[in-house]
Peer 1: 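Take this structure, written in structure tokens, and hold onto it; I'll ask about it next.
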Amino acid sequence: MSDIIISPSILSADFANLEDEIKSVTMSGAKWIHIDVMDGHFVPNITIGAPVVKSLRKITKEILDVHLMIDNPEKYIPDFIQAGSDIITFHLEAARAKTCACIDLIKEAGLRAGISIKPKTPAKEIIPYIDKVDMVLIMTVEPGFSGQIFMPKCAQKITEIKKWAPDNLIIQVDGGINDKTAKICKDLGANCFVCGNYVFKSENRKQVIKRLLSV
Ligand code: DX5
Ligand code: ZN
């Protein structure tokens with residue numbers, strides 16, 4: 001249908017039934033599962049850690065797309081590699097001088113590496129790393145919570161990233177994504193959509209994912 005990737009965020013799923021929740025979206029056409037890791041320091045919320053990723057690894061073969069919203073990512077990346085992640089994305093704002101070290105840790109383990117920027121971080125700060133990573137994640141809300149409103153200004157960064165990006169770079173957007181905001185981002189050049197509430201809180205997940213795949 002298209003080369004669009006949908007990565008439903010389990011932050012909006014029923015945590016008491018994660019296996020069923022994941023099956024419901026993978027059987028509806030999602031090939032990735034987005035796992036939001038928050039530490040209560042880098043963002044004002046605490047979610048889940050590597051042991052949960054390890055358990056999820058046993059119940060799905062789909063891509064585990066781990067989004068680290070934590071300080072000192074270099075300290076914890078090895079745990080998330082061990083746990084069976086497929087893609088690990090960390091925040092530039094949290095890694096700073098250790099950015100290359102974080103990318104190396106992930107790549108040397110044979111995983112795909114992603115780098116993310118918050119709404120207030122200019123796109124040009126990604127330039128030094130753009131040839132080293134597999135994915136750039138542009139936050140379209142302040143990281144920390146699901147169910148927030150999409151910030152159109154952040155989506156403009158996609159155009160800038162596109163100018164510098166190698167052809168195979170995945171451009172992911174995360175925060176307030178629905179079929180309308182996904183279309184805006186797709187037209188600007190994004191090809192991977194993280195969706196929390198829009199998918200998990202919908203009455204017909206299959207239809208919603210189908211709609212997203214064809215924006
Ligand atoms: C926010 C997280 C997102 C969040 C998206 O900090 O990174 O992945 O779960 O949720 P929605 O799609 O509801 O904005
Ligand atoms: Zn996320």
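As the structure lists them, so they are numbered: ligands from 1, and atoms in each ligand from 1. Owing to the predicted nature of the structure, the values given are computational and were not obtained by experimental measurement.
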Peer 1: Is there a donor-acceptor pair closer than 3.5 Å between any side-chain N or O of Arg57 and the backbone N or O of Ser85?
Peer 2: no
Peer 1: Can you name the atoms of ligand 1, numbered from 1 with element, that are less than 4.0 Å from a heavy atom of His34?
Peer 2: 8 (O)
Peer 1: Under 6.0 Å from the ring centre and within 45 degrees of the ring axis: does the NZ or CZ of Lys180 meet both conditions for the six-membered ring of Phe150?
Peer 2: no
Peer 1: Need one value: angle at the Zn ion (ligand 2), His34 atom NE2 versus His67 atom ND1, rounded to 10 degrees.
Peer 2: 100°
Peer 1: Check the side chains of His34 and Asp65 for a donor-acceptor pair under 3.5 angstrom, ignoring hydrogens and angles.
Peer 2: yes
Peer 1: Verify, without hydrogens or angle tests, whether Glu74 (side chain) and Ala95 (backbone) share a donor-acceptor contact under 3.5 angstrom.
Peer 2: no
Peer 1: Counting heavy atoms only, which part of Ser146 comes closer than 4.0 Å to ligand 1: side chain, backbone, both or neither?
Peer 2: both
Peer 1: Looking at atom 14 (O) of ligand 1, what's its closest protein heavy atom, distance included?
Peer 2: Gly176 N, 2.8 Å
Peer 1: What do you reckon, does Lys201 put a non-hydrogen atom under 4.0 Å from ligand 1?
Peer 2: no
Peer 1: Please state which protein non-hydrogen atom is closest to atom 12 (O) of ligand 1 and give its distance, to 0.1 Å?
Peer 2: Gly196 N, 2.7 Å
Peer 1: Are any of the side-chain nitrogens in Lys120 or Glu142 under 4.0 Å away from the carboxylate oxygens of its partner?
Peer 2: yes
Peer 1: Looking at Glu125 and Lys157, does any basic side-chain N land under 4.0 Å from a carboxylate oxygen?
Peer 2: no
Peer 1: With a cut-off of 4.0 Å, which atoms of ligand 1 are near a heavy atom of Met139?
Peer 2: 7 (O)
Peer 1: Heavy-atom count around Lys201 NZ within 6.0 Å, excluding the residue itself: above 12?
Peer 2: yes
Peer 1: At a 4.0 Å threshold, what atoms of ligand 1 neighbour a non-hydrogen atom of Met69?
Peer 2: 6 (O), 7 (O)
Peer 1: If we set the cut-off at 4.0 Å for heavy atoms, which region of Asp174 has an atom near ligand 1: side chain, backbone, both, or neither?
Peer 2: side chain
Peer 1: Just need the protein heavy atom nearest to atom 6 (O) of ligand 1, so name the residue and atom and give the distance.
Peer 2: Gly144 N, 2.7 Å
Peer 1: Counting from 1, what ligand 1 atoms have a heavy atom of Asn197 closer than 4.0 Å?
Peer 2: 11 (P), 12 (O), 13 (O)
Peer 1: Give the atom numbers and elements of ligand 1 that come within less than 4.0 Å of a heavy atom of Leu11.
Peer 2: 9 (O)
Peer 1: May I ask you to identify, for Tyr198, whether its side chain, its backbone, both or neither come under 4.0 Å of ligand 1 on a heavy-atom basis?
Peer 2: neither
Peer 1: Looking just at side-chain N and O atoms, do Arg205 and Tyr198 make a donor-acceptor pair shorter than 3.5 Å?
Peer 2: no
Peer 1: So does Asp134 pair up with Lys107, basic N to acidic O under 4.0 Å?
Peer 2: yes
Peer 1: By number and element, which atoms of ligand 1 are closer than 4.0 Å to a non-hydrogen atom of His67?
Peer 2: 7 (O)
Peer 1: Can an N or O of Cys195 be found at a distance shorter than 3.5 Å from an N or O of ligand 1?
Peer 2: no
Peer 1: Tell me whether Asp36 has any N or O atom under 3.5 angstrom from an N or O of ligand 1.
Peer 2: yes
Peer 1: Linking I/L/V/M/F/W/Y whenever any side-chain heavy atoms sit under 4.5 Å apart, do Phe193 and Ile10 land together?
Peer 2: yes
Peer 1: Nearest heavy atom to atom 9 (O) of ligand 1: which of Ser116, Ser9, Gly175, Ser12 does it belong to?
Peer 2: Ser9
Peer 1: Between ligand 1 and Phe150, can you find any atom pair, the residue atom being a heavy atom, that is separated by under 4.0 Å?
Peer 2: no
Peer 1: At the Zn ion (ligand 2), what's the angle from Asp36 OD1 to Asp174 OD2, rounded to 10 degrees?
Peer 2: 170°
Peer 1: State whether the side chain of Ser12 and the backbone N or O of Asn197 hold a donor-acceptor pair below 3.5 Å, judged by distance alone.
Peer 2: yes
Peer 1: Should Asp187 and Lys183 count as an ion pair when the cut-off is N to O under 4.0 Å?
Peer 2: yes
Peer 1: Short list, please: which atoms of ligand 1 are under 4.0 Å from a heavy atom of Pro143?
Peer 2: 6 (O)
Peer 1: Supply the atom-to-atom distance Met69 CE to Thr89 OG1, rounded to the nearest 0.5 angstrom.
Peer 2: 9.5 Å
Peer 1: What protein heavy atom is closest to atom 1 (C) of ligand 1, reported as residue, atom name and distance in Å?
Peer 2: Phe145 O, 3.5 Å
Peer 1: If the cut-off is 4.0 Å to any non-hydrogen atom of Met38, which atoms of ligand 1 fall inside it?
Peer 2: 6 (O)
